[in-house]
Amino acid sequence: MKLTTPLLGKGLLGRSVDELRRRTNIALKMEAVKGPLGPRTLYEFNSAASIQDCILMSDDLIGGSSKSHLDFISADSPSRTADASSPPSYARFHGRISTSLPADRPTIQRSGYAAFRTPNQSPTLFGRSVWDIDPYAYLAMRIKSDGRSYFVNLQTEAVEPTDLHQHRLFAKRPGQWETVVIKWNDFVRTNHGFVVEPQTEILRQKVRTVGIGLTDRVEGPFELCIERVWATNEIADGGATVAKSGGTSELKNKRGEKIQW
């Protein structure tokens, strides 16, 4: 068998070695039996390269006027705020929501959204890369929110590729850095903005990407900063907020009924 040039590339081999090392550690420490010994980092915004391949979306793709940006903020960034609690580096998701409809596209009846997600994970010699979060109970995120109604969006290797699993990002301290923790089992399966019935749990062994979206359709600027995303079984991280509380959200089923969290 002759390996192609991409298979011989350092990036692929390096990722494969890292994955082999991770699997070996799980076996040696018997984590499959005893459970994981600590949290697992899913994505960190710790370099300019960490945002370059992220996917940005807004309604300007269909002729709308909303704008979204994703910037890397480091210690020497001009736009960095003077906040001693800020992490050394993070991503700044910002822009402006507009509900204006494109005048030349009468079929478009709704606008006013923006979102981003992490890039598809690069393959290894073991195949397509995904996150296996089955050993963990929670998704955790270190964020600073402006208090708007954001959603966390998860993509998995689902049968229907346009399915998302979503949950409201309940920030309790807008304008301050905080850790928000969400139970994996509390995510709701949706498709094109509608809740899918019957509901199915997340395919926990095959999570592909994680992202954040804003669909509240409130005109004006928005800004959310995010340092990292990880899977964990612990919520004792500086008074972490468990993002599960009563109330309704913008999510609806196909009968137009709002979803209770």
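Ion pairing between Lys172 and Glu178 fails under the 4.0 Å rule for side-chain N and carboxylate O.
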message = Under the criterion side chain to side chain contact (heavy atoms under 4.5 Å, CB included), I'd like the reasoning laid out for Glu157 against Val130: C-alpha separation, chi angles, the key distance, then a yes or no.
response = CA-CA 8 Å; Glu157 298 257 315; Val130 291; 4.0 Å; yes

inquiry  = Determine whether Thr232 and Glu234 satisfy the following criterion, side-chain hydrogen bond (donor to acceptor under 3.5 Å, both in side chains), listing intermediate values before the conclusion.
reply    = CA-CA 6 Å; Thr232 183; Glu234 303 292 335; over 6 Å; no

task = Any chance you could lay out the side-chain hydrogen bond (donor to acceptor under 3.5 Å, both in side chains) test for Ser89 and Asn46, step after step, and finish with the verdict?
result = CA-CA 5 Å; Ser89 61; Asn46 54 8; 6.0 Å; no

task = Test Gln199 against Val188 for side chain to side chain contact (heavy atoms under 4.5 Å, CB included), laying out the working first.
result = CA-CA 7 Å; Gln199 282 289 300; Val188 176; 3.6 Å; yes

Test side-chain hydrogen bond (donor to acceptor under 3.5 Å, both in side chains) applied to Asn185 and Arg204, step by step = CA-CA 9 Å; Asn185 288 341; Arg204 296 166 65 95; 3.1 Å; yes

request  = Apply the test ring-ring contact (aromatic ring centres under 6.0 Å, His included) to residues Phe93 and Phe222: give CA-CA distance (whole Å), side-chain angles for both, the deciding distance (0.1 Å), then the verdict.
outcome  = CA-CA 8 Å; Phe93 175 51; Phe222 67 88; 5.0 Å; yes

ask   = Where do Leu139 and Ile133 land on the side chain to side chain contact (heavy atoms under 4.5 Å, CB included) test, with the steps shown first?
value = CA-CA 9 Å; Leu139 169 75; Ile133 51 85; over 6 Å; no

request  = Take Thr156 and Arg208 through the test side-chain hydrogen bond (donor to acceptor under 3.5 Å, both in side chains) and record every step on the way to the result.
outcome  = CA-CA 5 Å; Thr156 69; Arg208 292 174 52 199; over 6 Å; no

message = Working note: Glu227 + Trp177, criterion side chain to side chain contact (heavy atoms under 4.5 Å, CB included); need CA distance, chi angles, decisive distance, verdict.
response = CA-CA 9 Å; Glu227 178 198 11; Trp177 283 96; 4.1 Å; yes

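A side-chain donor from one of Gln166 and Asn153 sits under 3.5 Å from a side-chain acceptor of the other.
Taking 4.5 Å as the limit, every side-chain heavy atom of Thr99 sits out of range of all side-chain heavy atoms of Val218. Side-chain contact between Phe151 and Leu169 is absent, with no heavy atoms from C-beta onward closer than 4.5 Å. Side-chain atoms of Thr162 and His192, non-hydrogen and from C-beta on, do get closer than 4.5 Å to each other. Taking the side chain as every heavy atom from C-beta outward, Phe170 and Val180 never approach each other to under 4.5 Å. Contact annotation: the side chain of Asp132 never approaches that of Lys206 to less than 4.5 Å [non-hydrogen atoms, C-beta and beyond].
Ile73 and Leu56 sit in two unconnected hydrophobic clusters of ILVMFWY residues. Membership requires side-chain heavy atoms under 4.5 Å apart, directly or through other members. Residues Leu224 and Ile182 share a single hydrophobic cluster, defined by chaining ILVMFWY side chains whose heavy atoms lie under 4.5 Å apart. Following chains of ILVMFWY side-chain contacts shorter than 4.5 Å, one cannot reach Val207 starting from Leu164, and the two form parts of different hydrophobic clusters. Side-chain heavy atoms closer than 4.5 Å link hydrophobic residues (I, L, V, M, F, W, Y) into clusters, and following such links, even through other members, never connects Val196 to Leu203. Using a 4.5 Å cut-off between side-chain heavy atoms of Ile, Leu, Val, Met, Phe, Trp and Tyr, with links allowed through other members, Leu70 and Tyr43 fall into the same hydrophobic cluster.
Only one option out of Lys67, Arg217, Arg148 pairs with Ile97 in a side-chain contact (heavy atoms from CB on, under 4.5 Å); it is Arg148. Under the side-chain contact (heavy atoms from CB on, under 4.5 Å) rule, Val229 has a single partner from Val210, Ile143, Val152, which is Val210.
Taking OH from Tyr113 and OG from Ser66, the interatomic distance works out to 8.5 Å, rounded to the nearest 0.5 Å. Distance CZ/Arg117 to OG1/Thr209: 5.0 Å, rounded to 0.5 Å. Note: Ile51 CD1 to Ile226 CD1 = 12.5 Å, rounded to the nearest 0.5 Å. Residue Asp186 holds its CG atom at 14.0 Å from CZ of Arg168, rounded to the nearest 0.5 Å. If you take CG on Asn120 and CG on Asp53, they are separated by 10.0 Å, rounding to the nearest 0.5 Å. Separating the CG atom in Asp60 from the OG atom in Ser68 is a distance of 6.5 Å, to the nearest 0.5 Å.
In plain terms, the two heavy atoms of Tyr138 and Trp184 that are nearest each other are O-NE1, 2.9 Å. Of all heavy-atom pairs between Glu223 and Asp146, the closest is N-OD2, 2.7 Å. Between Arg228 and Phe45, the shortest heavy-atom contact is N-CD1, 4.5 Å. Listed here is the closest heavy atom pair of Leu42 and Trp131: O-CZ2, 3.1 Å. Residues Trp230 and Pro39 approach most closely at CD1-CB, 3.7 Å, considering heavy atoms. Minimum interatomic distance between Ser149 and Leu214 (heavy atoms only, all atoms of both residues): O-CD1, 3.6 Å.
Judged by distance alone, the side chain of Asp59 and the main-chain N or O of Ser65 form a donor-acceptor pair under 3.5 Å.
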